[in-house]
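Just so we're on the same page: letters track the sequence lines, and every chain starts at 1.
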Protein chains: 2
Amino acid sequence: MQDISKPLRSKSYSVPCELCSIGSICIPMALNNTLESVLNRKRSFAKNEILVTEGDEFQRFYIIHSGALKTYVIINGTEQINGFYLPGDIIGLDSITTHKYNNTIKALTTTLACELKYDELMALVTKSTQVRDTIFNLMSQNILNYQKMILAYSQKNAEEKLAAFICWLYTQYAKRGHTSLSIKLSMCRADIANYLGLTIETVSRILTRTQELGILSVRGKYICIKDLSALFQLAAEKI
Amino acid sequence: MQDISKPLRSKSYSVPCELCSIGSICIPMALNNTLESVLNRKRSFAKNEILVTEGDEFQRFYIIHSGALKTYVIINGTEQINGFYLPGDIIGLDSITTHKYNNTIKALTTTLACELKYDELMALVTKSTQVRDTIFNLMSQNILNYQKMILAYSQKNAEEKLAAFICWLYTQYAKRGHTSLSIKLSMCRADIANYLGLTIETVSRILTRTQELGILSVRGKYICIKDLSALFQLAAEKI
DNA sequence: CGTGCTGTTGAACACATTCAACCAGGGTGG
DNA sequence: CCACCCTGGTTGAATGTGTTCAACAGCACG
């Protein structure tokens, strides 16, 4: 595994296995040599490649090693983005209950992802309390995150939503060890607007306004956070 | 258990144990006589009684038998409602990861709730694959629900949000066997507005407007759905 | 009968959208 | 090589949705 991940870590945002969302179970599994059966080798996906389509039979989770994915559904013929996923994130927890994928998953950039078979993970949950606790912890964290997001996105106005979004990006990378204040957006303005329930014009306007306030520096897909605490304050969150 | 639940079912919205969110594991446990150790007796809470406060140590889930609860956090001195919980719902899944309650839980009306100890549930997860699968299914369903809610509440305008909220109420009751089109709101307008990120004035105006359209009939806390499919259409959801 | 609480209604205002024009960069073809 | 177009992004003016502030109605309670 290291032979694949090592050269990539310098290239772009990626997570070493220890910082992955399932890291704490993956590493022990590697030591026990049961890894190969449960966590398949990393697979590479090209930009705009579709990993799975809404309605496909659910078999495996995807855990992002590097790159970025988005998930969306088609409502009334238009794409509605459900979420963005960054290195260390796991996709598919919502599919346990439906036995099929509820969203289409698409690569925003070239992406490396680990595949984790559901059945085999479940078998491990029963065998190892460590795996059990890790998975429950992961799902609980997911639920907590969604709660916070609902709170955020139902209460906040456009400016606060966008600030919260950039805070979220920063926090996601920071959680996995990338504390840089310079962020390269892997999604276009239209995707951000779609996800936040805004228009691209509003997103654009707010980005320039926030830049004028000296909080951000925006150039195309590159965003530099000039005043992190002001950004978090704008998002109405505590750091 | 039945001695408690039976007389209540006629009185108001309540769920028989078979329709509870954990029903499928609860019933077998009752048969195995392990029930008493895991699922404590129902506890009654008065209107406005606080079950737990944000930050309290997490020990048990609450599963609503009858009545209604709300969860909220205090942000900048003001209450921010996180969610409403109805008969059959389980509260506390977000606390597994934090080991403490992330919200304050308060009874909206007189409420009967079952208490389910976390530690003892986990022990059962390892012992019984049926319990394991039920709990994973429950958590996955939770995650899926939140995904849909985020989509809903970030994309929809005020009218659609409120329609979606009433649809959600209807669906929640319907899932547990109460398909009546007459719904008694257990929360006040201020709570609805707070939760949906609107003002009470807007909620009020939209309710009367929707009534004028012949979709709803509103009188105080009593709502009667006159045209279910129109309501779902307004909420931009499929039935 | 007044007081307080919950909910409704009205008018002025603010924020976000819509529609439109415009700009910058990348690729293609003459 | 430059004109051309196409895509992604920014900016401006008019419109509309939802908020704010205020008054008021209905109802329970002392």
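Counting non-hydrogen atoms under 4.0 angstrom, Lys161(B) reaches nothing in the nucleic acid. Leu207(B) comes within 4.0 angstrom of no nucleic acid atom, judged by non-hydrogen atoms across all strands. At the heavy-atom level, Ile200(A) lies nowhere under 4.0 Å from the strands shown.
In the set dG18(D), dA16(C), dT11(D), the nucleotide with an atom closest to the side chain of Asn157(A) is dA16(C). Of the candidates dG7(C), dG18(D), dT10(D), dG7(C) carries the atom nearest the Arg189(B) side chain, counting heavy atoms from C-beta on. Checked against dG10(C), dG18(D), dA16(C), the side chain of Arg205(B) finds its nearest nucleotide in dG10(C). Of the candidates dT17(C), dT8(C), dG18(D), the closest approach to any side-chain atom of Ser204(B) belongs to dT8(C). Nearest to the side chain of Ala158(A), among dG18(D), dT8(C), dA16(C), sits dA16(C).
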- request: Could you give me the CA-CA distance, side-chain angles and deciding distance for Thr210(A) and Leu162(A), then say whether side chain to side chain contact (heavy atoms under 4.5 Å, CB included) is met?
  value: CA-CA 10 Å; Thr210(A) 316; Leu162(A) 195 54; 5.7 Å; no

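Remark: C1' of dT6(C) and OH of Tyr222(B) are 15 Å apart, rounded to the nearest angstrom. Rounded to whole angstrom, the span from the CD atom of Gln211(A) across to the C1' atom of dG9(D) amounts to 13 Å. dT8(C) atom P lies 11 Å from atom CG of Leu162(B), rounded to whole Å. Residue Leu185(A) contributes atom CG, which lies 13 Å from atom C1' of dG8(D) at whole-angstrom precision. Taking atom CD on Glu160(A) and atom P on dT19(D), their separation rounds to 13 Å, with Å as the unit. For the pair Gln155(A) CD and dG18(D) P, the computed distance is 16 Å after rounding to whole Å. Taking atom CZ of Arg219(B) as the reference point, atom C1' of dT6(C) lies 16 Å away to the nearest angstrom. Atom NZ of Lys221(A) is separated from atom C1' of dA24(C) by 14 Å (rounded to the nearest Å).
Closest non-hydrogen pair, Lys226(A) versus Leu216(A), comes out as CG-C, 4.0 Å.
Relative ring orientation between Tyr62(A) and Phe45(A) is described as perpendicular, the plane-to-plane angle rising above 60° on a 0-90° scale split at 30° and 60°.
Both tests hold for Lys184(A) against Tyr222(A): distance to the six-membered ring centre under 6.0 Å, angle to the ring axis within 45°.
With hydrogens and angles left out, the side chain of Glu201(A) and the base of dC19(C) share a donor-acceptor pair within 3.5 Å.
For Thr208(B), a side-chain nitrogen or oxygen approaches OP1 or OP2 of dT9(C) to under 4.0 Å.
Partners of Glu79(A) by side-chain hydrogen bond (donor to acceptor under 3.5 Å, both in side chains), not counting sequence neighbours, listed by chain and number: Lys70(A).
For the pair Val218(B) and Thr199(A), nearest-nucleotide mapping onto DNA chain C gives the more 5' position to Val218(B).
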